[in-house]
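Computed from a predicted model, the values in this text were never measured in an experiment.
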Amino acid sequence: MQLPEATNFIEQIINEELEAGKFESVGNNIKVRFPPEPNGYLHIGHIKAMCINFGVKERYHGTLNLRMDDTNPAKEDYEYVDSIVEAVKWLGFEYDKLVFASDYYDRLYEIAEKYILDGNAYVCDLSAEEITATRGTLTEPGTPSPYRGRSIEENLKLFREMKAGKYPDGARTLRAKIDMSSPNVNMRDPVIYRIAHVSHYRTKDKWCIYPMYDFAHPVSDAIEGITHSLCSLEFENHRPLYNWFVEKAGFKAPLPRQIEFARLNITNTLMSKRYLKKLVDEGFVRGWDDPRMPTIMGLKNRGVPPEALKKFCADVGVAKAYSVVSSAQLDSCIRDDLNENAERAMAVLNPIKLTVTNYSGEEEVDFETNPVKGVGARKIKFTGSVYIDGDDFSLDPPPKYKRLQKGGTVRLKSAYIVRCDEVKLGKDGKVEELLCTYFPETRSGSSEHSDIKAKGVIQWVDAKYGHDAEIRRYEPLLKDEEYPDQDYAERLNAASEKILFGKAEPRLWECDENTPFQLIRTGYYKKFTEDGKLVLSEIVSLKDNFNK
RNA sequence: UGGGGCGUCGCCAAGCGGUAAGGCAACGGACUCUGACUCCGUCAUUCGGGUGUUCGAAUCACUUCGCCCCAGCCA
């Protein structure tokens with residue numbers, strides 16, 4: 001077969017296996033899976049895993065199962081599976097099948113009995129504390145459980161009684177019989193099944209014993225015929241166990257192969273479901289889809305295009321080295337996408353009235369809605385009485401100021417160049433109104449020659465025809481004074497370091513009034529209705545560089 | 001100090017024995033009816049350190065240093 005060129009080390013491995021003919025017996029059909037546990041919402045870190053898995057599926061024309069890894073009934077719920085499916089679809093990923101680990105409970109149970117029958121598993125009566133105590137340490141071997149030598153018959157009887165609900169939670173476990181003195185702690189007779197009289201969101205009360213990840217995951221992969229089980233680095237130590245479970249279950253080749261990669265970290269971004277859940281549960285944010293959240297739905301609500309997120313993952317690449325990607329890299333991808341695709345609109349955040357004293361009447365001007373693609377324009381009414389943004393006028397302009405100042409000129413985008421003749425101040429000393437002169441020959445698009453030069457170009461909203469838009473502002477979760485250092489950049493770095501090592505209060509994406517302009521320098525903001533529903537997002541102008 | 005991994009520009013990351021891709025950031029300059037965008041230019045004699053092997057090493061060997069992960073009846 002014609003192999004696609006590998007773009008990362010995982011595809012390189014797959015190519016080598018393909019060339020060696022490893023998958024000829026299954027028609028070279030590469031199968032992967034994306035296996036989130038439905039115990040929280042997907043976040044930006046999951047997008048990397050999805051890009052890798054869906055990327056393999058596409059490159060090899062393989063198949064991908066979206067699998068809910070739901071083997072812990074205490075934490076899982078339909079709310080989360082719905083949100084996961086929604087997020088995957090929003091990103092535009094197409095999976096072949098939606099499956100559930102809980103669909104395999106019967107099969108998993110049979111395999112567990114097979115382990116017992118083959119002498120590879122035993123029922124252990126040790127308590128959780130005793131198991132921990134006898135597991136040994138990183139440098140000392142563990143000691144075998146006194147129940148390790150039980151007969152197959154007794155194990156089978158006990159295991160069936162566990163399943164039948166004869167014992168309370170924690171009374172017994174089913175353990176794999178591997179090697180209590182293995183230098184790899186994970187191989188020291190890990191628990192396969194635990195007793196938990198908990199109702200599962202799907203199987204309800206059918207089961208009171210539930211399989212553990214280390215057992216359920218590889219076997220689920222094998223059941224589905226997964227060829228490559230791609231996961232993050234922390235599972236490297238589990239790989240021998242993964243292989244053990246698959247092999248002892250008696251599956252035929254090609255057996256699934258686990259390959260690990262480094263998970264995504266982004267500066268100043270919290271990527272732990274546990275903390276994210278805490279923020280939601282304790283009301284720090286409005287929900288999992290709050291725009292301050294790094295969840296996929298949060299990103300969506302901020303107006304981040306899915307394509308930008310995929311581009312980001314492609315740029316970041318896949319490797320095994322631990323890394324923290326700068327959020328600037330993400331911002332860049334979002335900016336690029338929005339610059340290319342977003343419709344433009346004008347808006348002012350802090351209105352200052354600007355009156356053109358030598359103009360009366362009204363006319364329409366053409367406003368380009370997408371200068372990059374060169375398509376789309378709409379008519380905007382101009383009456384000479386407009387609002388400009390407070391940031392676009394200065395009483396005390398710094399050198400090289402390119403916006404409006406007293407006596408200065410500026411172009412009202414798509415309309416005319418105006419000169420500020422007079423500044424009316426209110427009693428509090430704040431600018432109340434600007435009186436300006438406009439120059440008819442400078443009309444936008446006019447072929448008429450004009451010697452009048454504008455210092456810059458600013459946005460405006462017509463006083464008569466502009467409309468109000470409510471902007472919901474989000475406060476950063478951490479107050480400025482809560483940062484230890486003085487310099488802003490240093491504070492950010494300090495905060496990110498703390499987040500990475502889990503030693504500080506989480507700092508999320510800032511979403512105060514300035515943030516949209518930092519995130520997307522082309523500029524955008526959004527309008528929310530009272531109940532918090534997003535109704536529009538608009539592109540405004542760049543703000544964050546204005547005063548550099 | 002048991003085992004498993006990882007160390008290439010400020011941040012990611014190619015490279016797989018033949019003489020250091022690319023992206024982000026940064027810095028010059030041009031252009032501009034968004035100080036954006038675009039454009040053009042600069043940005044690792046060096047690949048954690050050392051020692052070998054070789055005509056030749058980031059790539060092989062040895063050694064050393066640093067960082068991450070593992071002792072849940074979580075995933």
Figure out the CZ/C1' separation between A:Arg403 and B:G35, and round it to whole Å. 8 Å
Going by the rule side-chain hydrogen bond (donor to acceptor under 3.5 Å, both in side chains), which residues pair with A:Glu260 if we only count those two or more places apart in sequence or in a different chain? A:Arg239, A:Gln258
Sub-4.0 Å heavy-atom contacts from residues 162-177 of chain A onto RNA chain B, ordered by number: A:Gly170, A:Thr173
Taking the C1' atom in each of B:C12 and B:A44, what is the distance between them to the nearest angstrom? 15 Å
Give one of base, sugar-phosphate or nothing for A:Ser323, where a contact means two heavy atoms less than 4.0 Å apart. sugar-phosphate
Round to the nearest Å and state the distance from A:Phe261 atom CZ to B:C69 atom C1'. 15 Å
By salt bridge (charged side-chain N to carboxylate O under 4.0 Å, His left out), which residues pair with A:Arg172, not counting sequence neighbours? A:Asp125
Are the ring centres of A:Tyr242 and A:His238 closer than 6.0 Å? no
Can you tell me the distance, in whole Å, between the CZ atom of A:Arg263 and the C1' atom of B:C68? 13 Å
For A:Lys163, all residues meeting salt bridge (charged side-chain N to carboxylate O under 4.0 Å, His left out), sequence neighbours excluded: none
Among residues at least two apart in sequence or on other chains, which ones pass side-chain hydrogen bond (donor to acceptor under 3.5 Å, both in side chains) with A:Asn65? A:Glu224
B:C62 and B:C43: how far apart are their C1' atoms, nearest whole angstrom? 35 Å
Under 4.0 Å between a side-chain N or O of A:Arg335 and OP1 or OP2 of B:A25? yes
Pair A:Tyr201-A:Asp70, side-chain donor/acceptor within less than 3.5 Å: yes
Aromatic ring proximity A:Tyr193/A:Phe159, centre distance under 6.0 Å: yes
So which heavy atom on A:Pro305 is nearest to which on A:Asp337, and how close? CG-OD1, 3.2 Å
Do you know the tightest heavy-atom contact between A:Glu5 and A:Glu11? O-OE1, 4.0 Å
Who passes side-chain hydrogen bond (donor to acceptor under 3.5 Å, both in side chains) against A:Glu129, sequence neighbours left out? A:Ser127
When rounded to whole Å, the CG to P distance for the pair A:Asp389 and B:G35 reads 13 Å
A:Arg411 to A:Tyr416, cation-pi by 6.0 Å centre distance and 45° axis angle: no
Tabulate atom names and distances for all N/O pairs under 3.5 angstrom spanning the protein and nucleotides 14-16 of chain B.
{"unit_1": "B:A14", "atom_1": "OP1", "unit_2": "A:Val318", "atom_2": "O", "d": "3.1"}
{"unit_1": "B:G15", "atom_1": "OP1", "unit_2": "A:Gln12", "atom_2": "NE2", "d": "3.4"}
{"unit_1": "B:C16", "atom_1": "N3", "unit_2": "A:Gln12", "atom_2": "OE1", "d": "3.2"}
{"unit_1": "B:C16", "atom_1": "N4", "unit_2": "A:Gln12", "atom_2": "OE1", "d": "3.0"}
{"unit_1": "B:C16", "atom_1": "N4", "unit_2": "A:Gln12", "atom_2": "NE2", "d": "3.0"}

Sugar-phosphate, base or nothing in reach of A:Lys320, heavy atoms under 4.0 Å: sugar-phosphate
Pairing residues for A:Arg194 by the salt bridge (charged side-chain N to carboxylate O under 4.0 Å, His left out) criterion, not counting sequence neighbours: none
Using side-chain hydrogen bond (donor to acceptor under 3.5 Å, both in side chains) as the criterion, list what pairs up with A:Tyr80, not counting sequence neighbours. none
Heavy atom of residues 235-245 of chain A under 4.0 Å from RNA chain B: which residues? A:Phe235, A:Glu236, A:Asn237, A:His238
Any residue in residues 65-77 of chain A with a heavy atom nearer than 4.0 angstrom to RNA chain B? Just list them by number, or reply none. A:Asp69, A:Thr71, A:Asn72, A:Lys75
Rounded to whole angstrom, note down the C1' distance from B:C65 over to B:U1. 16 Å
To the nearest Å, how far apart are A:Tyr322 OH and B:G66 C1'? 15 Å
Over all atoms of both residues, closest heavy-atom pair of A:Val81 and A:Pro38: CG1-CB, 3.7 Å
Using the P atoms only, state how far B:A75 lies from B:U38, rounded to an integer number of Å. 47 Å
Walk me through it: do A:Tyr210 and A:Tyr109 pass the test ring pair (Phe, Tyr, Trp, His ring centres under 6.0 Å)? CA-CA 9 Å; A:Tyr210 292 93; A:Tyr109 177 82; over 10 Å; no
With rounding to whole Å, what would you report as the distance between B:A30 and B:A36 at their C1' atoms? 16 Å
Does a side-chain N or O from A:Arg194 land closer than 4.0 Å to OP1 or OP2 of B:C74, or not? yes
Would A:Tyr213 and A:Phe235 count as a close aromatic pair, with their ring centres under 6.0 Å? yes
For atom C1', what is the distance between B:C31 and B:G66, given to the nearest Å? 48 Å
More 5' along RNA chain B: A:Lys311 or A:Pro371, using each one's nearest nucleotide? A:Lys311
If I pick the P atom on B:A13 and the same atom on B:C6, what distance separates them, to the nearest angstrom? 13 Å
Going through the checks in order, is the salt bridge (Lys or Arg N to Asp or Glu O under 4.0 Å) test met by A:Lys381 and A:Glu363? CA-CA 6 Å; A:Lys381 291 261 182 128; A:Glu363 64 184 298; over 6 Å; no
RNA chain B contacts among residues 123-141 of chain A, heavy-atom distance under 4.0 Å: A:Leu126, A:Ser127, A:Ala128, A:Ile131, A:Thr132, A:Arg135, A:Gly136, A:Thr137, A:Leu138, A:Thr139
What contact category does A:Lys400 fall into here, base, sugar-phosphate, or nothing, at under 4.0 angstrom with non-hydrogen atoms? base
Distance, C1' atom - from B:A20 to B:U46, rounded to whole angstrom: 7 Å
